[in-house]
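So the structure is just underneath, and the comments pick up after that.
Every chain is numbered from 1, with letters handed out A, B, ... down the list of sequences. We use all heavy atoms of the structure for the numbers below, so side chains are in, but hydrogens, waters and symmetry mates are not. This one's a predicted model, so the numbers in the text were calculated from it and none came from an experiment.
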Number of protein chains: 2
Amino acid sequence: MEILTRLQQEAGRLSPSEQRIADILFSDFDFAVNASIVDLAGRAEVSPPTVTRFARRLGCQSFSDFKVQLAQTPFVGARYLQPETLAVSAADITENVIAKAQAALFSLHRALDPAVLEAAADRIAAAQMIYAFGSGGNSAMIAGEIQNRLFRLGLRVTSSADHALQLMMTAAARPGDVIIGSSFSGRNTELVRAFELAREDNVFTIALTQTGSPVAKAAQLAIGVDLPEGNDIFRPTSTRLAYLALIDILANLTAMRLKEQATGTLRRIKRQLVTHRDPDDRQVLGD
Amino acid sequence: MEILTRLQQEAGRLSPSEQRIADILFSDFDFAVNASIVDLAGRAEVSPPTVTRFARRLGCQSFSDFKVQLAQTPFVGARYLQPETLAVSAADITENVIAKAQAALFSLHRALDPAVLEAAADRIAAAQMIYAFGSGGNSAMIAGEIQNRLFRLGLRVTSSADHALQLMMTAAARPGDVIIGSSFSGRNTELVRAFELAREDNVFTIALTQTGSPVAKAAQLAIGVDLPEGNDIFRPTSTRLAYLALIDILANLTAMRLKEQATGTLRRIKRQLVTHRDPDDRQVLGD
DNA sequence: CAATAATAGAGAAAATTATTTACATACGGA
DNA sequence: TCCGTATGTAAATAATTTTCTCTATTATTG
């Protein structure tokens, strides 16, 4: 378990001396990470053994181990631990958002199964036509992104956020086509229905969703993205970043499989944009 | 400067012993971070002083400092350092994408100016109506996201990716309204024109774009996002993640300013979704 | 309501371990 | 051959951990 989480758990049970050490941790994280045990003890006005005991209490093997674990915290946002309501300044919120985004990417990386990704990319690269489905602000954006990334590779792809349209497109799809559906919660029953319909018609389905959810079960290939949204209703974003990163990974894997074809198309698109809009070749593709 | 970057720079000039240490770093990062100098030296078949010298060469004050810096590395993906062309397997590409995303978030955090963010949030929170503009796959997505995030706070907001429509909307906008325009390259001349028109009409303009670019200059408030796209034409994504994180930060700051109003609206939207679609309250807002 | 035992907390000093410095040697190239 | 770099050995230093001890607090008992 992560060290600052443990500290949070112990919070009430700390002795006065230990509390002083914890205070320094929160108020001057940088110092704590770089200081030696003597410095830290001095500043907390405790003895070095107390610091060692503190580290042990938090599940570290030694003080050095403690420092390494501290430094490894996904992000230096120590304030992240304190009650949410305290994060008010722009600097605080920035730190908080970035910290959560980093953590989301980190956990995405750990959870992804390369074999599943390869399989998905194989299907996408070989598809005759690709349909990207997703509804609601978040998944609709993801579906749009899938289209945005894949058409650049020279693939035929469309996207829809409209349930009725999704069903019609599914009905129109043919064997050899691929449907990619995204649902953060995994409980989008309309998407489940589309997947079931697709299966009857031999259209391959790929889900980007919560592991074990109805949507995951209905798809022929499910890529699990399991990230807690946290309880702050204002802040549902980090999961979206993870989804975007996932799409990027899939697009890259697909690109590897289409290399020649894709570079050609991309170059044409790029030349078009460049000559049309800006003589400077540094123009970024797509804006 | 970041330690792995320095290592990359020194890469060619390392002596055989130092190279062995570097190899261990790449092949077993976890071990390197947790090992003592003796363990690390033993495994690299060098003497402890050589390890110290290696650390010094990389700009660290001591071996412990070296370990702390290693542990602080935004992402443990050591392969990130190795030449791009090696990334072929799903695991490689995943690591590569995630590492870049992490690096983008990291550099975004360092570059953002809290004062500018506060000023932008003040304007957004006080706006009568908000227009989000952006064209091309990437910025269009960003504009959509701005709408997606802000309407949840009870703000009046619309977005458009269509240049002609953008100009018409700008003409229709009134003092007290705010236009937020996104352009990754900063060279979207149509957006510049819209900003100029807005200024004449006393409509406040905020740009999310490259510092010092034409778009930045045309806006009344510019939030700089300066991230190199890198030279891999298949991989323009990490910048988008940074933009999304930025929008999240802005939305959060705005939410702080609208707290009561926003929580009410959000709760209504959420209740609506939950009762409509899924009895389970874990349903994520917006998908 | 003392008096005493038991226990947890904390530091001093010793012991251990890790790290650095200083010095010596070997090797490769000018 | 000579110089400089690379590396190791051993001594010195610094840091960390352990052990031991003291103190303060709380619980228990007469």
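Judged purely by atom type and a 3.5 angstrom limit, B:Arg240 has no side-chain atom pairing as donor or acceptor with the backbone of B:Asn138.
Within residues 31-46 of chain A, the residues that have a heavy atom under 4.0 Å from DNA chain C are, in order of number, A:Glu45, A:Val46. Near DNA chain D, meaning a heavy atom under 4.0 Å away, the residues from residues 50-65 of chain B are B:Thr50, B:Arg53.
Partners of B:Thr50 by side-chain hydrogen bond (donor to acceptor under 3.5 Å, both in side chains), not counting sequence neighbours, listed by chain and number: B:Ser47. In this structure, B:Arg56 has no side-chain hydrogen bond (donor to acceptor under 3.5 Å, both in side chains) partners at least two apart in sequence or on a different chain. Here B:Asp122 pairs with B:Arg257 under the side-chain hydrogen bond (donor to acceptor under 3.5 Å, both in side chains) rule; sequence neighbours left out.
For DNA chain D, the span of nucleotides reached by chain A at under 4.0 Å from its heavy atoms goes, 5' to 3', from D:dT16 to D:dT18.
Side-chain contact between A:Asp248 and B:Leu241: absent, with no pair of heavy atoms (C-beta onward) separated by less than 4.5 Å. For the pair A:Leu250/A:Leu208, a side-chain contact is recorded, criterion being any heavy-atom separation below 4.5 Å from C-beta on.
The interatomic distance linking A:Gln19 (CD) with C:dG9 (C1') rounds to 15 Å, in whole Å.
Across all strands shown, B:Pro49 has heavy atoms under 4.0 Å from base atoms, whether or not it also approaches the sugar-phosphate. B:Ser47 comes within 4.0 angstrom of a nucleotide base, judged by non-hydrogen atoms across all strands.
For the pair B:Thr209 and B:Asp226, the tightest heavy-atom approach, listed with the atom from each and the gap, is O-OD1, 4.2 Å.
Taking CG of A:Leu246 as the reference point, atom CG of A:Leu112 lies at 6.0 Å (rounded to 0.5 Å). To the nearest 0.5 Å, atoms CG (B:Asn34) and NZ (B:Lys67) are separated by 7.0 Å.
B:Phe54 and B:Phe66 have perpendicular rings, their planes meeting at more than 60° on a 0 to 90° scale where under 30° would count as parallel.
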